[in-house]
Novice: 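Provided herewith is a single structure, encoded as structure tokens, for subsequent inquiry.
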Amino acid sequence: MTSELSVPALAVESLVVHFPARHGPPVRAVDGVSFSVAERETLGLVGESGCGKSTVANAVVGLVRPTRGEVRVAGTPIAGATTHTLRAIRAKAQMVFQDLATSLNPRMTVGAAIGEPLLVRGLARGRALEARVAALLSEVGLRPEHASRYPHQFSGGQRQRIVIARALALRPTLLVCDEPVSALDVSVRAQILNLFVELQQSHAMACLFVSHDLAVVRHVCDRVAVMYLGHLVELAPRDALYATPRHPYTRALLAAAPEPDPELQRAKPRVPLQGEIPSPAAPPPGCVFHTRCPMAVARCREEVPIWRPLGETMVACHRAEESPA
Amino acid sequence: MAAALEVSGLTLAIGGVNVVDGVAFSVAPGEVMALVGESGCGKSITALALMQLLPGPVRRTAGRILLEGEDVTSLPERRMRQLRGRRISMIFQEPQAALDPLSPVGAQVSEASGLAGGEAREAVHRMLTEVGIADPLRRIDQYPFELSGGMCQRVMIASALIGRPAVLVADEPTTALDVTIQAQILDLLRRLAAERGTAIVLITHDMGVVADIAERVAVMYAGRIAEIGSTTAVFARPRHPYTALLLAAIPRLADVPKSRLAVIEGSVPQPAEYGPGCRFAGRCPFADAHCAAEPPPLRETEEGHSVACWHTERLA
């Protein structure tokens, strides 16, 4: 997707984020992650809790300082940027969080919340601001008169629409969504996913979509990256990843995700992954997945697999060419 | 076979509003029965009613709960306390929050066994092994904070089942867990139901979990059962518009990506907004004046499959 001529909307290179611990070694939340997101592309980032996916998202918008490595938004590096540049980058890269209860100020009207980024940057005020807020509200499926109400007067799904409208206010080139639909009920989640697909088409916007839900990621993303214990294990175009997963962890995730279809679900081969996710403060040597991998051999315990291309896929596995065990 | 649990006409009220209204279902020994629905549908409060653990403002105004034939709604609390853990047990969504942080996990499992000394320790060891805890002799003396979420859920299942109850009420037992750990716990529950003959009432919002483990399912909406039947029938031929739309609103691995998902307009009504008729009427594409005026009774459309809808034939 990324041509050599165009600058990607987001480039993450050898990103490392370690959090110091009071006792013992640091938590290696992200341990050398590289990927890029092209203009207008949506990249899904999936993995289980503690894999580092939210830390990547936070590092991309500058909420977490990288220990090493580089993050560039539309070509501009975030680390080491001046306050002025950082302000400009933050206008281009906006974030939508999972927790709706804490994403909006309960004492601010919805109109004020959506208009605030425009106001503080001096982009609009008065009537022009009102008109812009009204347009944003309609864009996310709400009504202009909702501007004068407070967050508690809205349902969960409506609040997520408000948060999305606020994120769109500055016309970002990159939207970072951290589990944007995980707190929503099924019927409401469908509304927000439909809205998201509409916005992908109407806005020339790239998106980093962080989620633990493989079916949701498949529904909205063009390419998908799978993370495990601070590392990317696989990154591929959507159809390739779901049809021919190359990493044993990707296969395990797909096998474990329960399908809402009793016949399909019960016909699935049952090979639940054994054991638990190791601590990111003491990751295993060699391949980080070897302690749970059904295909692990001696080499996997000793040698870190390199991140390499295999057809359209990027994968980090010594045995990626082999058929599943 | 006689039902392990039979609930009929269960009605729970807060103030003057029936937040659970005439709920009825039964579960056979060894069977997994799911109560599925979105937030506010009344599934968790139904679970607490089964345990006779309703919080203060909720009152049971009608209905019976037969546990192996005995109506527990009329039992005094003193007697009920003897049944919990021995005839009916419950596990919760957040295992780490449900366990006592100051007590070793072995002691917590042992407390539920009613045994003491070496006999208790042996029983706990056997039970921890049965729920798949590796190295149980070391784990027995550890505290919940030393265990992962999946391991804590296994401990909670062990303490719920050590008294060999006939019924296990599992309220979102895998919702706080990662998908690979969820698969392990669902396999465990399935095996325990089959091997021990435990009847399981599974409370969940996740249609994937229902499809995986439940033999029968009751779809709840705003305090009432909209549809109840075998999981295969309800998923293959949903006869209530809510069930049909809910199933069509879930993105699936076989769908066309970025295609439009079915939408149920609006959101779940608050109890104060419940009208006299069908509680789904405000969001239902088939609703008419009759639906708004009179609640549809649960009627059998085929053997073992019942639906509460005036317009169910439009989905046939």
Novice: Specify which of B/Ala262, B/Ser259, B/Ser267, B/Gly149 makes the most heavy-atom pairs with chain A at under 4.5 Å.
Specialist: B/Ser259

Novice: Check whether more than 12 heavy atoms from other residues, nucleotides or ligands sit under 6.0 Å from atom CD of B/Glu303, and answer yes or no.
Specialist: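 Not buried by this count: 12 neighbours or fewer within 6.0 Å.
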
Novice: Measuring heavy-atom distances to chain B, does A/Gln158 have an atom under 4.5 Å in its side chain, in its backbone, in both, or in neither?
Specialist: neither

Novice: For B/Ala248, is it the side chain, the backbone, both, or neither that has a heavy atom closer than 4.5 Å to a heavy atom of chain A?
Specialist: neither

Novice: Identify which of A/Gln200, A/Gln201, A/Lys268 forms the greatest number of heavy-atom pairs closer than 4.5 Å to chain B.
Specialist: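 That would be A/Gln200.
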
Novice: Which one, B/Gly37, B/Gly132, B/Ala183, B/Ala249, leads in non-hydrogen pairs under 4.5 Å with chain A?
Specialist: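 Going by pairs under 4.5 Å, I would pick B/Ala249.
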
Novice: If you count the non-hydrogen atoms of other residues, nucleotides and ligands that lie under 6.0 Å from CD in A/Glu263, is the total more than 12?
Specialist: no

Novice: Measure the spacing between CG of A/Asp185 and CD1 of B/Ile264 and express it to the nearest 0.5 Å.
Specialist: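 These two atoms lie 10.0 Å from each other.
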
Novice: Does a side chain donor of either B/Thr232 or A/Arg266 reach within less than 3.5 Å of an acceptor in the other side chain?
Specialist: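 Judged by distance alone, the side chains do not pair up.
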
Novice: Among B/Ala211, B/Ser39, B/Gly266, which has the most heavy-atom pairs under 4.5 Å with chain A?
Specialist: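 Greatest number of close heavy-atom pairs with chain A: B/Ala211.
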
Novice: With a 4.5 angstrom heavy-atom cut-off, which part of B/Asp255 approaches chain A: side chain, backbone, both or neither?
Specialist: both

Novice: So B/Val179 and A/Glu48, do their side chains get closer than 4.5 Å, heavy atoms only?
Specialist: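 Touching, per the 4.5 Å side-chain cut-off.
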
Novice: Given side chains that start at C-beta, do those of A/His219 and B/Leu261 come closer than 4.5 Å, heavy atoms only?
Specialist: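 Yes - at least one pair of side-chain heavy atoms lies under 4.5 Å apart.
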
Novice: Between A/Val220 and chain B, which part of the residue has a heavy atom less than 4.5 Å away: side chain, backbone, both or neither?
Specialist: backbone

Novice: Taking all atoms of both residues into account, what is the closest heavy-atom pair of B/Phe235 and A/Pro260, and its distance?
Specialist: CD2-O, 3.3 Å

Novice: What residue in B/Leu177, B/Leu245, B/Leu246, B/Ile213 has the most heavy-atom pairs under 4.5 Å with chain A?
Specialist: B/Leu246

Novice: Nearest 0.5 angstrom please: A/Leu214 CG to B/Arg252 CZ, how far?
Specialist: 15.5 Å

Novice: So which of B/Met207, B/Lys258, B/Gln182 has the biggest tally of heavy-atom pairs under 4.5 Å with chain A?
Specialist: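 Most heavy-atom pairs within the cutoff with chain A belong to B/Lys258.
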
Novice: Chain B heavy atoms under 4.5 Å from A/Glu259: which part of the residue, side chain, backbone, both or neither?
Specialist: both

Novice: Using heavy-atom distances under 4.5 Å, tell me whether A/Ile277 contacts chain B through its side chain, its backbone, both, or neither.
Specialist: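 For A/Ile277, the side chain is the part near chain B, not the backbone.
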
Novice: Mark yes when over 12 heavy atoms from residues, nucleotides or ligands other than A/Gln153 sit less than 6.0 Å from its CD; otherwise mark no.
Specialist: yes

Novice: Is there side-chain contact between A/Ser187 and B/Glu265, with at least one heavy-atom pair below 4.5 Å?
Specialist: no

Novice: Is chain A contacted by the side chain of B/Ala134, its backbone, both, or neither, given a heavy-atom distance below 4.5 Å?
Specialist: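 Contact with chain A: none, neither part.
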
Novice: Would you check if B/Leu253 and A/Arg218 make a side-chain contact, meaning some heavy-atom pair closer than 4.5 Å?
Specialist: yes

Novice: Measure the shortest side-chain to side-chain distance between A/Arg189 and B/Ile250 over non-hydrogen atoms and say whether it is less than 4.5 angstrom.
Specialist: yes

Novice: Set out, in order, the CA-CA distance, both residues' side-chain angles and the distance that settles side-chain contact (heavy atoms from CB on, under 4.5 Å) for B/Ile181 and A/Glu276, then state yes or no.
Specialist: CA-CA 8 Å; B/Ile181 309 298; A/Glu276 312 257 349; 4.1 Å; yes

Novice: Are there more than 12 heavy atoms of other residues, nucleotides or ligands under 6.0 Å from atom CD of B/Gln142?
Specialist: yes

